[in-house]
Amino acid sequence: MQRNSVFFWGLLTLLTLVFVCRQPGALAETKDKGMRAAESQAFAVPQEQKQAWEDIQSFLQKDYNVCLEHCGSDASCEEKCEKAFNYRKEIEYNKLMRNSPANN
């Protein structure tokens, strides 16, 4: 009886891990935290532009998360989402800096 119980719980644990890891976005939060730490250094904005930049980042992050959800667990699709996210972030940052009061 104990042998069946160990087998059952082992199988249940394995299936749970497989299910969690295959969920879109389950690991995206970990990836996002690392990206946020790197981006704070790469995208410095003047104090008066901080709120606008945070709003832009929030919008782009939501869009990126939707993209990841649509990918499922397809690594090549997730890579395309990340490239698009980084490209759009750079474009928006450059646009914000061009229009900043310091440049006018």
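Residue numbers start at 1 and run along the sequence shown. Keep in mind that the numbers below use all heavy atoms, side chains included, and drop hydrogens, waters and symmetry copies.
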### Task
Please answer: with hydrophobic residues joined when any side-chain heavy atoms are less than 4.5 Å apart, are F43 and F59 in the same cluster?
yes
### Query
Between N65 and Q61, does any side-chain donor sit less than 3.5 Å from a side-chain acceptor?
yes
### Under 3.5 Å donor-acceptor, N99 side chain and K95 backbone
yes
### Query
What closest approach, in Å, do S73 and E78 show between heavy atoms, and which atom pair accounts for it?
CA-OE2, 4.1 Å
### Task
Please step through side chain to side chain contact (heavy atoms under 4.5 Å, CB included) for the pair E82 and N86, ending with a clear verdict.
CA-CA 6 Å; E82 187 173 351; N86 289 331; 3.7 Å; yes
### Derivation of the side chain to side chain donor-acceptor pair (under 3.5 Å) call for D55 and Q51
CA-CA 6 Å; D55 293 344; Q51 185 60 50; 2.9 Å; yes
### Query
Can the SG atoms of C67 and C81 be said to lie under 2.5 Å from each other?
yes
### Query
Is it true that K89 and E92 have a side-chain N and a carboxylate O under 4.0 angstrom from each other?
no
### Query
Backbone N or O of A44 within a donor-acceptor pair of the Y93 side chain at under 3.5 Å?
yes
#### Entry: 4.5 Å side-chain heavy-atom contact, F85 and D63
no
### Query
Once you round to the nearest 0.5 Å, how far does CG of L60 lie from CD of E90?
12.0 Å
### Message
For K50, is the NZ atom crowded, meaning more than 12 foreign heavy atoms sit under 6.0 Å from it?
### Response
yes
